[in-house]
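Note that the coordinates shown come from a computational prediction; the quantities given were computed from them, not determined experimentally. The first residue in the sequence is number 1, and the count goes up from there.
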Amino acid sequence: MRQQADIAIIGAGAAGLFAAIWSARTLREANSDATVVALDGAKILGAKILVAGGGRCNVTHHAVDETAYAGSSRNAIRNVLRAFDVARTVEFFNALGVQFKREETGKLFPTTDDAHTILDALLRAARESSVKLLHPWRVGAIRHDGNEFVIVRDQSEESIRARRVILAAGGMALPRSGSDGKAYDFVRALGHSVTPVFPALVPLVLNDAAAGGWIKELSGLTLPATIELHSGTGKKLVEFTNSTLCTHFGLSGPGVLDISRYYTQAKRADPAAKLTMNWLPGLSFDAADAWLAERSGISISKRLAEKLPDRLARAICESAAVDPAALIGNMKRDDRRTVARRIVATELPINGDRGFTYAEVTAGGVPLAELHLKTMESRACPGLHLCGEICDVDGRIGGFNFQWAWASGFAAGVAAARGHIESSIPPAP
């Protein structure tokens with residue numbers, strides 16, 4: 001069975017739905033009767049939207065710029081983000097009846113604290129714009145056939161021919177949502193390269209050596225900390241300060257998730273790269289040592305417990321082979337300085353990460369250099385547009401990846417519609 005569409009969107013997640021909505025709206029404004037269809041392999045749409053932000057959906061951040069992203073060049077990322085900024089995102093959802101609240105972290109959530117509010121608004125907007133949603137409709141292959149694309153349904157003879165295609169099928173994060181990396185096969189077949197992909201915004205696993213064992217024994221402990229990435233020569237490459245969670249397997253929390261992709265990337269180029277933890281953000285080694293020495297008449301663990309949870313205070317002492325009950329004034333200078341070093345630079349013996357199953361986003365993908373940034377159209381395959389996680393762009397935790405989905409989806413959707421309209425105008429006699 002063969003169907004026909006003018007614009008086909010593959011993937012009906014955040015970026016795909018946004019692209020479909022803006023394609024259909026642009027066509028309608030031009031009084032075009034062109035058809036827009038969105039295909040997705042999932043039985044229930046929007047799985048990633050529904051789990052985002054603990055089920056509340058962190059739609060965006062109040063301040064978004066290119067410095068919150070990695071992957072392709074920041075200049076290229078900035079150009080795409082300009083297509084649809086935070087103010088326009090808020091305006092778009094407000095028009096659909098969604099109101100937001102800003103938390104202290106700068107994250108914007110719907111006032112309902114329910115991700116269904118966002119998904120329902122997107123699906124309603126798509127349907128009101130006459131987007132045809134087909135699901136479960138899993139794509140098995142895409143072929144470029146002359147002036148059209150042939151989209152073949154997986155394990156079926158059914159296909160859809162379309163003049164333009166927007167690929168928004170995601171990466172590999174949260175595979176249970178349908179993101180299994182199949183889209184990379186599609187773009188390679190259509191002439192694109194794919195940079196190495198790996199989990200980003202993912203918890204890190206510690207081994208039992210050195211600090212790994214005693215940190216895992218602190219499972220359930222949450223506190224602000226600074227995580228630093230250092231090269232093998234000791235140069236600090238990047239750092240993040242945020243809430244950190246000690247777990248039975250290692251470390252999680254916003255700061256850990258943010259630095260995870262940088263650590264993975266650094267280790268591939270420099271096996272000696274390492275992470276360290278400062279349990280008292282902003283405190284230097286010399287300041288930590290001086291702070292400890294100020295109270296010579298109390299035990300080392302009691303002094304630490306003035307700023308740190310008691311469990312952590314004792315664990316730091318024991319990891320430094322220092323008796324927690326030892327009076328600071330009776331300690332050897334080297335022992336005190338070892339404790340100070342543990343406070344500000346605990347070396348983290350990373351044993352990997354928890355993989356795509358627990359990652360919130362995929363690092364790597366199609367380089368933006370292979371796309372026309374204003375339209376997100378392929379330089380290798382005219383008529384093909386890309387948006388969302390398939391691109392080599394990943395952002396920090398806090399709504400940045402959704403903002404990339406909105407901006408890139410908007411650019412791709414509008415451009416695909418305009419491209420169809422222009423191609424439908426008969427040439428002048």
Side-chain angles (χ1 to χ4, degrees), residues 53-54 56 58 61-63 67-68 70 101-109 200-206 210-230 236-263 274-292 294-295 300-320 324 339-350 353-354 358 360 395-400:
R56 296 192 297 144
N58 178 193
H61 194 277
H62 85 98
T67 62
K101 60 180 179 180
R102 173 180 162 184
E103 298 193 342
E104 290 184 3
T105 57
K107 300 176 182 179
L108 269 62
F109 287 91
L201 297 186
V202 63
L204 297 175
V205 177
L206 296 174
W214 63 265
I215 289 177
K216 288 194 283 188
E217 290 178 2
L218 297 169
S219 180
L221 180 68
T222 302
L223 76 169
T226 296
I227 315 291
E228 296 182 359
L229 172 62
H230 297 265
K236 184 167 71 175
L237 303 176
V238 67
E239 68 174 43
F240 290 96
T241 300
N242 212 322
S243 177
T244 300
L245 170 65
C246 300
T247 75
H248 67 283
F249 59 78
L251 292 165
S252 190
V256 174
L257 299 185
D258 277 337
I259 209 166
S260 61
R261 66 98 61 230
Y262 295 96
Y263 173 75
K274 64 181 181 180
L275 292 181
T276 62
M277 175 107 77
N278 186 337
W279 301 96
L280 290 175
L283 196 66
S284 68
F285 168 71
D286 289 337
D289 185 44
W291 173 73
L292 290 174
E294 286 174 0
R295 298 288 300 278
I300 184 68
S301 64
K302 186 171 293 185
R303 181 59 164 161
L304 290 177
E306 292 178 6
K307 291 182 178 291
L308 297 169
D310 184 64
R311 275 203 301 159
L312 176 57
R314 295 184 64 84
I316 286 176
C317 292
E318 291 168 359
S319 75
V339 172
R341 180 67 63 188
R342 285 287 192 279
I343 295 171
V344 303
T346 294
E347 189 167 336
L348 303 173
I350 305 299
D353 57 55
R354 300 203 79 192
Y358 294 93
E360 294 191 18
R396 288 171 41 210
I397 197 168
F400 297 99

Those residues at least two apart in sequence (or on a different chain) that pass salt bridge (charged side-chain N to carboxylate O under 4.0 Å, His left out) with Arg354 are none

Applying salt bridge (charged side-chain N to carboxylate O under 4.0 Å, His left out) to Arg102 and not counting sequence neighbours gives none

Which heavy atom in [X] sits nearest to a heavy atom in [Y], and how many Å separate them?
X      : Y      : value
Arg311 : Gly220 : NH2-C, 4.3 Å
Tyr358 : Pro203 : O-CD, 3.9 Å
Met277 : Ala225 : SD-CB, 3.6 Å
Gly398 : His61  : O-CB, 3.4 Å
Val238 : Phe240 : CG2-CE1, 3.8 Å

- Query: Checking side-chain contact (heavy atoms from CB on, under 4.5 Å) for the pair Glu103/Arg56: CA distance, chi angles, key distance, verdict?
  - Reply: CA-CA 12 Å; Glu103 298 193 342; Arg56 296 192 297 144; 2.8 Å; yes

When rounded to the nearest 0.5 angstrom, what is the spacing between [atom1] in [X] and [atom2] in [Y]?
X      : Y      : atom1 : atom2 : value
Ile215 : Leu221 : CD1   : CG    : 10.0 Å
Ile300 : Ile316 : CD1   : CD1   : 9.5 Å
Leu204 : Leu348 : CG    : CG    : 8.5 Å
Ser301 : Glu306 : OG    : CD    : 10.5 Å
Glu228 : Lys274 : CD    : NZ    : 10.5 Å

Backbone N or O of [Y] within a donor-acceptor pair of the [X] side chain at under 3.5 Å?
X      : Y      : value
Thr276 : Ala345 : no
Arg303 : Trp291 : yes
Lys216 : Leu206 : yes
Arg342 : Ser319 : yes

- Message: Could you check whether atom NZ of Lys107 has more than 12 heavy atoms from other residues, nucleotides or ligands sitting under 6.0 Å from it?
- Response: yes

Which of Leu218, Leu223, Thr222 passes side-chain contact (heavy atoms from CB on, under 4.5 Å) with Pro309? It is Leu223

Decide yes or no for Leu251 and Leu275: does some side-chain heavy atom of the first lie under 4.5 Å from some side-chain heavy atom of the second? no

Heavy-atom distance under 4.5 Å between the side chains of Trp214 and Leu312, does that happen here?
yes

Residue pairs passing the side chain to side chain donor-acceptor pair (under 3.5 Å) test with at least one member in residues 241-254, sequence neighbours excluded, are Thr226-Thr241

- Does the pair Asp353 and Phe249 meet the rule for a side-chain contact (heavy atoms from CB on, under 4.5 Å), with working shown? CA-CA 10 Å; Asp353 57 55; Phe249 59 78; over 6 Å; no

Sorted by chain and number, sequence neighbours left out, side chain to side chain contact (heavy atoms under 4.5 Å, CB included) with Leu280 holds for Asn278, Leu283, Lys307, Leu308, Ile343

Check: residues 253-262 side-chain donor-acceptor pairs under 3.5 Å, at least two apart:
| unit_1 | atom_1 | unit_2 | atom_2 | d |
| --- | --- | --- | --- | --- |
| Asp258 | OD1 | Ile397 | N | 2.8 |
| Ser260 | OG | Leu201 | N | 3.3 |
| Ser260 | OG | Val202 | N | 3.2 |
| Ser260 | OG | Leu257 | O | 2.7 |
| Arg261 | NE | Asp394 | OD1 | 3.4 |
| Arg261 | NE | Asp394 | OD2 | 2.8 |
| Arg261 | NH1 | Gln265 | OE1 | 3.0 |
| Arg261 | NH2 | Asp394 | OD1 | 2.9 |

In short, salt bridge (charged side-chain N to carboxylate O under 4.0 Å, His left out) pairs touching residues 277-289 with sequence neighbours left out are Asp289-Arg336, Asp289-Arg337

